[in-house]
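Okay, structure first, notes after.
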Amino acid sequence: MSEIHGLAAHAAGAQLLAYKYEPGEIKADEVEVKISHCGVCHSDVHLIDNDWGISKYPFIPGHEIVGSVVAVGSEVKDRKVGERVGIGWQSNSCGICEWCRQGDEHLCAKAQPTCVGRNGGYADRIRVNSRFAIPVPKVLESENVAPLLCGGITVYSPLRNHGVRPSSRVGVIGIGGLGHIGLQFAKAFGAEVTAFSTSKDKEAEAKSLGAHHFVNTRDTGALKKVAGSFDFLLSTVSADQDWQGYVNALRPKGTLCVVGVPPSAIALQAFPLIGGQRAVAGSPTGSPRDLHEMLDVAARHGVKAITEKFAMAKANDAVAKVKKNQVRYRAVLAN
Ligand code: NAP
Ligand code: ZN
């Protein structure tokens with residue numbers, strides 16, 4: 001097989017540079033995918049900058065991949081050459097632990113992220129274990145579905161796992177790549193939806209995506225005004241927030257679920273949690289089973305990412321724009 005060409009980070013915060021690697025013989029359980037599109041998730045930015053202290057350079061970022069299968073290993077039975085597939089945060093898992101056996105591969109201790117310790121999707125091709133190459137429903141356009149492979153599943157799973165339903169009052173905090181998809185799924189679940197944003201120019205679009213209400217979190221006292229209002233709050237923000245204000249915004253038995261990764265620890269008073277039986281939770285992406293389900297729901301309910309397309313070679317421009325919070329709402333690289 002020939003070399004794989006992409007764009008790699010060589011040091012924390014550095015510009016991505018052209019990079020190639022030799023993938024070797026295809027493994028028996030792998031598929032090789034020719035990449036058409038790859039979303040730029042804020043987690044790629046955290047990895048490029050080594051915010052989490054886990055980046056190993058050089059590496060090619062990218063874990064919101066859509067493309068077509070161009071080769072399969074000798075034991076692959078679930079995927080075929082020519083099939084269009086999506087690949088998200090995870091590219092492999094052990095397959096035999098308690099969590100893998102019950103369909104929770106994303107909780108496997110040996111879960112292999114797509115672009116941590118290996119090369120991801122800002123490239124022309126990629127290899128992954130076939131279980132993590134998910135068929136994409138025909139009605140979904142590749143450019144708009146790529147961001148669902150990480151951003152979409154990360155907001156879909158907690159809404160589903162925390163039992164959001166038509167009686168629920170849901171708030172989505174941060175209307176970026178994840179948040180703008182979160183509004184659409186929360187609407188699909190039938191909830192009353194509120195968008196929390198620092199960008200007042202996002203109000204009209206947030207409402208068109210499913211928000212019934214819009215809270216500009218830059219307004220003084222904005223969170224106090226909504227105290228005791230929500231059953232479920234989903235934070236997609238990568239910055240420190242007024243976490244106590246959000247816990248106070250929960251109704252009794254409400255949950256604040258964090259999927260965005262702020263730099264500092266989340267410090268909270270105990271009594272508002274104890275008294276109102278409130279909870280704080282976290283949620284990762286999701287399993288292959290969850291990805292299948294999420295894509296099916298997206299296809300049936302018309303959930304899709306609003307994208308800004310960049311040529312693959314312009315990945316540095318896309319990353320810079322994500323850092324400035326200027327993308328509406330997900331940058332997608334196209335080959
Ligand atoms: P994004 O597109 O940059 O969106 C983040 C949004 O947060 C921004 O659009 C902005 O929304 C808001 N925001 C940014 N800076 C802020 C600040 N200083 N104060 C308040 N709000 C701010 O990022 P993303 O791709 O959606 O990712 C968001 C976070 O989720 C990242 O930390 C990423 O690593 C994490 N993530 C986690 C998982 C997981 O498995 N749990 C998966 C994917 C991503 P407004 O303009 O509306 O304020
Ligand atoms: Zn991601």
Side-chain angles (χ1 to χ4, degrees), residues 38-52 54-55 61-65 86-91 106-107 111 113-116 120-122 146-159 161 171-183 194-207 209 211 214-219 222-223 234-243 245-246 257-264 266 281-287 290-291 294 305-308 318-332:
C38 185
V40 178
C41 177
H42 208 112
S43 297
D44 290 330
V45 179
H46 289 301
L47 290 171
I48 293 167
D49 291 349
N50 201 19
D51 287 343
W52 301 336
I54 58 170
S55 307
H63 58 273
E64 289 185 338
I65 300 164
I87 299 159
W89 176 252
Q90 211 177 329
S91 60
H106 58 300
L107 303 178
T114 301
C115 62
V116 182
Y122 298 3
L148 298 188
L149 276 309
C150 174
I153 189 67
T154 301
V155 294
Y156 177 82
S157 293
L159 293 168
N161 296 337
V172 178
I173 307 164
I175 310 306
L178 268 58
H180 90 288
I181 305 170
L183 295 175
T194 300
F196 289 86
S197 175
T198 62
S199 310
K200 64 173 189 290
D201 59 324
K202 291 181 181 173
E203 176 165 359
E205 210 146 25
K207 287 186 170 163
L209 292 169
F214 185 89
V215 174
N216 178 351
T217 51
R218 291 217 194 278
D219 287 346
L223 290 188
L234 184 65
S235 173
T236 72
V237 177
S238 53
D240 295 329
Q241 299 295 292
D242 176 5
W243 300 118
Y246 282 115
C257 181
V258 179
V259 295
V261 189
S264 312
I266 295 177
S283 185
T285 52
S287 65
D290 299 339
L291 281 160
M294 181 273 304
I306 299 175
T307 54
E308 245 180 76
V319 168
K321 215 169 167 187
V322 173
K323 284 188 177 180
K324 288 189 243 162
N325 191 24
Q326 284 174 352
V327 176
R328 299 288 185 275
Y329 284 84
R330 185 59 117 201
V332 175

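Computed from a prediction, not measured in an experiment: that's the story for all the values here. Every number for a ligand or one of its atoms is a count from 1 in the order of the listing.
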Item to check | Numbering as shown, the atoms of ligand 1 that approach Cys150 to under 4.0 Å (heavy-atom distance) | outcome: 42 (C), 43 (C)
Checklist entry - Looking at side-chain heavy atoms only, is the closest gap between Tyr122 and Val40 below 4.5 Å? => result yes
Item to check | Top protein contact for atom 11 (O) of ligand 1, by heavy-atom distance | outcome: Ile175 N, 3.3 Å
Checklist entry - Which of the atoms of ligand 1 are close to Gly260, meaning less than 4.0 Å from one of its heavy atoms? => result 29 (C), 30 (O), 32 (O), 35 (C)
Item to check | Heavy-atom closest contact (Leu47 atom, Cys115 atom, distance) | outcome: CD1-SG, 3.8 Å
Next on the checklist: Judged on heavy-atom distance to atom 1 (P) of ligand 1, which of Arg218, His42, Lys200 sits nearest?
Outcome noted: His42
Next on the checklist: Are any of the N/O atoms on Tyr329, whether in the backbone or the side chain, positioned under 3.5 angstrom from an N/O atom of ligand 1?
Outcome noted: no
Item to check | Closest approach of Tyr246 to Thr217 (non-hydrogen atoms, all atoms of both residues) | outcome: OH-CG2, 3.3 Å
Checklist entry - What orientation do Trp89 and His63 show, parallel under 30°, tilted 30 to 60°, or perpendicular over 60°? => result perpendicular
Item to check | Any Trp52 heavy atom less than 4.0 Å to ligand 1 | outcome: yes
Next on the checklist: For Gly88, is there any backbone N or O sitting under 3.5 Å from a side-chain donor or acceptor partner on Thr114?
Outcome noted: yes
Next on the checklist: At less than 4.0 angstrom from any non-hydrogen atom of Thr285, what atoms of ligand 1 do you find?
Outcome noted: 40 (O)
Item to check | Which of the ligand 1 atoms, numbered from 1, are nearer than 4.0 Å to a heavy atom of Ala239 | outcome: 16 (C), 17 (C), 18 (N), 19 (N)
Checklist entry - Under 2.8 Å from the Zn ion (ligand 2), is there an N/O/S atom belonging to His42? => result no
Next on the checklist: Counting C-beta onward and ignoring hydrogens, is there a side-chain heavy-atom pair between Arg328 and Asp201 closer than 4.5 Å?
Outcome noted: yes
Next on the checklist: Counting only nitrogen or oxygen atoms and a 3.5 angstrom limit, does Ser238 reach ligand 1?
Outcome noted: no
Item to check | side-chain contact (heavy atoms from CB on, under 4.5 Å), paired with Ser235, selected from Leu178, Val259, Ile173 | outcome: Ile173
Next on the checklist: Using every non-hydrogen atom in the two residues, find where Gly282 and Cys257 come nearest and quote the distance to one decimal.
Outcome noted: C-SG, 4.1 Å
Item to check | Contact partition for Thr154 relative to ligand 1, non-hydrogen atoms under 4.0 Å | outcome: side chain
Item to check | Residue Ser43 vicinity, atoms of ligand 1 by number, heavy atom under 4.0 Å | outcome: 33 (C), 34 (O), 35 (C), 36 (N), 43 (C), 44 (C)
Checklist entry - Short list, please: which atoms of ligand 1 are under 4.0 Å from a heavy atom of Lys202? => result 9 (O), 11 (O), 45 (P), 46 (O), 47 (O)
Checklist entry - Measuring from the heavy atoms of Gly151, does anything fall under 4.0 Å of ligand 1? => result no
Checklist entry - Where's the contact between Leu178 and ligand 1, heavy-atom distance under 4.0 Å: side chain, backbone, both or neither? => result both
Next on the checklist: Quick test: of every protein heavy atom, which one is nearest to atom 22 (C) of ligand 1, and how far off is it to 0.1 Å?
Outcome noted: Val237 CG1, 3.5 Å
Checklist entry - If hydrogens are left out, which of Leu47, Val259, Thr236 has an atom nearest to atom 29 (C) of ligand 1, that is, the closest non-hydrogen atom? => result Thr236
Checklist entry - Ile306 and His180: which non-hydrogen atoms are nearest, and at how many Å? => result N-NE2, 2.9 Å
Item to check | Proximal ligand 1 atoms for Gly177, defined as those under 4.0 Å from one of its heavy atoms | outcome: 1 (P), 2 (O), 4 (O), 26 (O)
Next on the checklist: Please check whether Asp240 reaches ligand 1 - meaning an N/O of the residue sits under 3.5 Å from an N/O of the ligand, judged on distance alone.
Outcome noted: no
Checklist outcome for this item: Scanning both residues in full, the closest heavy-atom pair of Gly39 with Ala146 reads N-CB, 4.2 Å
Checklist entry - Which value, rounded to the nearest 0.5 Å, describes the distance between Leu291 atom CG and Tyr156 atom OH? => result 10.5 Å
Item to check | Under 4.0 Å to a heavy atom of Ser197 - the qualifying atoms of ligand 1, by number | outcome: 45 (P), 46 (O), 47 (O), 48 (O)
Item to check | Rounded distance (nearest 0.5 Å) linking atom CG of Leu159 with atom CG of Asn161 | outcome: 9.0 Å
Next on the checklist: What do you get for the angle at the Zn ion (ligand 2) between SG on Cys150 and SG on Cys41, to the nearest 10 degrees?
Outcome noted: 130°
Next on the checklist: Using only atom types and a distance under 3.5 Å, with no angle test, would you say the side chain of Asp240 pairs donor to acceptor with the backbone of Ser264?
Outcome noted: yes
